[in-house]
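Everything quoted here is computed from the prediction, not taken from an experiment. Both ligands and their constituent atoms are indexed starting at 1 by order of listing. This chain uses plain numbering: 1 for the first residue, then up along the sequence.
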Amino acid sequence: MGFEIGDAKKDTTNADTVTGGGAVADAINGPEDSNVAPNEDHPTGGSVNVDGAIGSGDAGEDLHIEGEPIVDTKAPGGPIAERWDKRRFEAKLVNPANRRKLSVIIVGTGLAGASAAATLGEAGYKVTSFCYQDSPRRAHSIAAQGGINAAKNYRNDGDSIHRLFYDTVKGGDFRSRESNVYRLAQVSVEIIDQCVAQGVPFAREYGGLLDNRSFGGVQVSRTFYARGQTGQQLLIGAYSALERQIAAGSVTMHSRHEMLELIVADGKARGVVVRDMVTGEVESHFADAVVLASGGYGNVFFLSTNAMGCNVTATWRAHRKGALFANPCFTQIHPTCIPVSGDYQSKLTLMSESLRNDGRIWVPKERGDERDPREISEDERDYYLERIYPAFGNLVPRDIASRAAKNVCDSGRGVGPGGLGVYLDFSDAIARLGQPAIEAKYGNLFDMYKQITGENPYEVPMRIYPAVHYVMGGLWVDYDLQSTIPGLFVTGEANFSDHGANRLGASALMQGLADGYFVLPNTIADYLAAGPFEKVDDKHPAAAEAVQQVRSRIERLLAVNGHRTVDSFHRELGHVMWDFCGMERTEEGLRKAVSRIRELKAEFWSDVKVTGTGEELNQTLERAGRVADFFELGELMCIDALVRRESCGGHFRAESQDEDGEALRHDDQFAHVSAWEYTGNGRPVLHKEELHYKYVEMKSRSYK
Ligand SMILES: Cc1cc2nc3c(=O)[nH]c(=O)nc-3n(C[C@H](O)[C@H](O)[C@H](O)COP(=O)(O)OP(=O)(O)OC[C@H]3O[C@@H](n4cnc5c(N)ncnc54)[C@H](O)[C@@H]3O)c2cc1C
């Protein structure tokens, strides 16, 4: 008997009540445990065994509980190329006249949420959408620069659906599901057609066909782009489609509303509690199903390339209500970001991966060589990616490029302040193609670099260093994108579904739009066909309790009235996460991190200073709520990283590397998704979903 959807029934208690283990955990551990993590429920917590033995024997047993495996992901069987068709055919349909009786809440208006809302609105469902920005069009997706993948094979360079599938499974280091990835590759082709029909101005070749460029981890050109603003153009397309539905009355939009709780009534997701960020009013909204398209949580590291507002609250609140959280430690560190320049910085800037098409990455061969890069001759330079990985060169996947940059900097050959930088050099490309050609392709990125650093990258090589960029982890979903709470669907970066341990460049936009335009509209219909469900309103005990949870949490945050700013806590948490759960992780470091995060969390709940009131626009309060959730998430990330005693993709355990220093997977023990159940007692329950590979041979990745 394995873990099934709806099994985890967690945290329907008041935030002030001590919560015990979930249904599964209770059976094993009892609702109370001595090793309690401090959180809003437990301001003080238990201790962590920091001196725990290092080595393969210590699997972090004191920090987690093994639960039942997940045995069914709802993916159909049969030949992989037919599975999505099969699922669509077998899914129940809702006739158009019945759709207007069915309602859906969608949290998020980025590419994943806007595309879903527009499509479901057009189909005739009653949709209510939320975002915390002042306009849906300002979702973080707008920041995406480089492009979106699709297996169109316009270049006739050997691409196909199967190759995109193969590259993605391999790129994810064999930690994603074959069925999901194949579907993603199939749907990719339709996305481009849909976006072109909306008027998205993709770059074109001289002949008129859409142009393509290459991204890391592949040897074909399949990335469609609109200069360095692909996300913005795609979002304008999705936003236009959404606005059309808003005007038609099928979508009701609530911007500047932050979801702070999920309402789970009678075992189903039936609504959300939101705070009007302008007036402070706490409201509840109800529907037959809820979709979270709330983006990624990279800002747990404080410094990242994400928009400042990106956070985990929507998914974390759902996690506390029973949704399993999958692979939380799988973080993408992007190799080409502008290096950190000082202690007071609050944001990092990405230089798109597309730059690796023409830029060459190098460091001086000699340690401590501080000469102007233009004075360093060719034979004094180490183009280390081209040297170590000749087959893929500068276009190796992000995890590999990031670690290689770290290694050369650790060996003392890094450049710029603190030696934490490598060069990304366009002099060859400019000599070969001319500056106008480079300007046409990357002009806005070069301008951005110049504005931030004061250096002209047409003349001097850019300096870049890896930074947190994307999270592969997220809420666990089945093939239908449904979480372990019936009626709660999760799309885009907020779910964990398709990228395994490492996402290939230009695949997030593809996934978000695949989920929103094509996958969810089919699978959610199958669920809604059983509706409309029994009416739930403010009087339902689950709704009243969720509202109360939100109110008391706000009151508690305001009542602490301590001495430290929210940002100072966030910054310190970020340091802990980067140092111990960043590019390289060790058992000892992860144990220290769990311990320190627990201390910090306790300090936060006793010493944070949240100014203002709850009945007004209060950004400090907003940030405080998000940082409180980041503490709990950060702890789970470290436990997840500790328990996974292998290196794979973005997760590099120093104890698990081969003689060349490359990541060493342990497929015999860790070829699974780690799906975590919330217990609130410092020992989350781990449910494993075994991964099976039939269409791509599971072997060590090689980009040499
Ligand atoms: C600088 C940068 C460049 C990138 N470039 C590329 C690229 O070229 N190609 C590529 O494929 N990927 C790229 N990515 C990744 C990609 O942009 C993201 O993964 C993707 O846009 C996420 O889309 P999303 O719709 O899932 O979430 P988002 O766009 O983050 O949208 C989240 C939405 O949820 C809402 N929300 C969140 N929490 C709440 C809450 N509690 N209450 C109410 N609303 C909430 C927000 O208001 C927002 O509307 C890039 C990422 C960065 C940081």
Side-chain angles (χ1 to χ4, degrees), residues 105-117 129-150 213 215 223-235 238-239 242 253-262 272-275 277 291-299 304-318 332 334 336-338 347-354 398 445 448 467-472 474 490-495 499 503-516 622 625-626 629:
I105 282 174
I106 301 181
V107 178
T109 58
L111 287 174
S115 57
S129 279
F130 298 90
C131 71
Y132 59 71
Q133 289 92 350
D134 53 359
S135 156
R137 191 183 166 295
R138 300 188 76 167
H140 160 69
S141 290
I142 206 158
Q145 301 172 348
I148 176 168
N149 290 328
R213 55 190 175 198
F215 265 51
T223 304
F224 294 76
Y225 65 99
R227 298 191 82 185
Q229 316 163 344
T230 315
Q232 176 165 355
Q233 299 306 333
L234 291 172
L235 190 59
Y239 166 78
L242 171 65
M253 183 71 229
H254 297 273
S255 39
R256 303 195 89 174
H257 278 69
E258 183 164 25
M259 171 198 157
L260 296 177
E261 241 351 304
L262 179 73
V272 293
V273 181
V274 296
R275 178 172 176 272
M277 294 159 79
V291 179
L292 297 185
S294 50
Y297 52 81
N299 280 347
S304 86
T305 62
N306 287 191
M308 294 290 285
C310 291
N311 69 88
V312 77
T313 290
T315 49
W316 191 257
R317 294 282 123 191
Q332 176 157 90
H334 197 299
T336 56
C337 304
I338 300 181
K347 174 87 185 71
L348 293 177
T349 307
L350 174 76
M351 287 287 103
S352 167
E353 178 161 304
S354 58
R398 292 174 179 177
L445 300 171
M448 203 157 73
V468 172
H469 178 64
Y470 178 89
V471 287
M472 281 73 71
V490 192
T491 60
E493 193 173 341
N495 74 27
H499 308 293
R503 175 175 70 81
L504 291 183
S507 289
L509 304 185
M510 171 172 70
Q511 184 222 327
L513 291 181
D515 288 359
E622 289 161 22
R626 295 171 190 170
D629 288 335

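- Taking only non-hydrogen atoms, the option from Tyr297, Tyr470, Tyr132 nearest to atom 36 (N) of ligand 1 is Tyr132.
- Looking only at distances, a side-chain donor or acceptor of Asn495 sits under 3.5 Å from a matching main-chain atom of Val490.
- Counting heavy atoms closer than 4.0 Å to ligand 1, residue Leu350 contributes side-chain atoms (C-beta onward) but none from N, CA, C or O.
- For ligand 1, the atoms sitting less than 4.0 Å from at least one non-hydrogen atom of Gly146 are 7 (C), 8 (O), numbered in the order shown with element in parentheses.
- Residue-to-ligand polar distances keep Glu258 apart from ligand 1: every N/O pair is separated by 3.5 Å or more.
- Scanning His140, Arg626, Arg138 for the heavy atom closest to atom 53 (C) of ligand 1 points to His140.
- Although no hydrogens or angles enter the test, the distance criterion places no donor-acceptor pair under 3.5 Å between the side chain of Gln332 and the main chain of Val471.
- In this structure, Ser507 counts as a contact residue of ligand 1, since one of its heavy atoms falls inside 4.0 Å of the ligand.
- An N or O contact shorter than 3.5 Å is missing between Phe215 and ligand 1 by distance.
- At the top of the distance list for atom 49 (O) of ligand 1, counting protein heavy atoms only, stands Thr109 N, 2.8 Å.
- Taking each of Ala139, Ala144, Cys310, Ala112 in turn, the one with a heavy atom nearest to atom 4 (C) of ligand 1 proves to be Ala144.
- Classification of Arg317 and Glu261 as a salt-bridged pair holds, one side-chain N sitting under 4.0 Å from a carboxylate O.
- Closest heavy-atom approach to atom 32 (C) of ligand 1 among the candidates Ser135, Gly228, Ala293, Ala143: Ala293.
- The main-chain N or O of Gly146 is found under 3.5 Å from a side-chain atom of Arg213 such that the two form a donor-acceptor pair.
- A heavy-atom separation below 4.0 Å is not found between Glu622 and ligand 1.
- Close approach of ligand 1 to Gly492 is summarised as follows: ligand atoms under 4.0 Å from at least one heavy atom of the residue are 26 (O).
- In this structure, the side chain of Asn149 engages the main chain of Gly505 through a donor-acceptor pair within 3.5 Å.
- Nearest residue to atom 28 (P) of ligand 1 from Cys337, Ser141, Ala238 is Ser141 (criterion: closest heavy atom).
- Heavy-atom distances between His257 and ligand 1 reach below 4.0 Å in at least one pair.
- Heavy-atom proximity to Thr305, at under 4.0 Å, picks out these atoms of ligand 1: 1 (C), 53 (C).
- Of the protein's heavy atoms, His469 CE1, 3.1 Å lies nearest to atom 52 (C) of ligand 1.
- Geometrically, ligand 1 and Leu509 share a nitrogen or oxygen pair separated by less than 3.5 Å.
- The main-chain N or O of Gly309 is found under 3.5 Å from a side-chain atom of Tyr132 such that the two form a donor-acceptor pair.
- No heavy atom of Gly512 sits closer than 4.0 Å to any atom of ligand 1.
- The protein atom (non-hydrogen) at minimum distance from atom 35 (C) of ligand 1 is Gly108 CA, 3.5 Å.
- Summarising the geometry, atom CG belonging to Leu111 is positioned 7.5 Å from atom CD1 belonging to Ile148; distances are rounded to the nearest 0.5 Å.
- Listed by number with element, the atoms of ligand 1 under 4.0 Å from a non-hydrogen atom of Gly295 are 26 (O), 27 (O), 30 (O), 32 (C).
- Using modelled atom types, one side-chain atom of Asn299 and one backbone atom of Ala307 make a donor-acceptor pair closer than 3.5 Å.
- Between Leu111 and ligand 1 there is a heavy-atom distance shorter than 4.0 Å.
- Atoms of ligand 1 found under 4.0 Å from any heavy atom of Gly110 (numbered from 1 in listed order, with element): 25 (O), 29 (O), 31 (O), 33 (C), 49 (O).
- Aromatic ring orientation, His334 versus His469: perpendicular (interplanar angle above 60°, classes split at 30° and 60°).
- When only non-hydrogen protein atoms are considered, atom 38 (N) of ligand 1 lies nearest to Ser294 CB, 3.6 Å.
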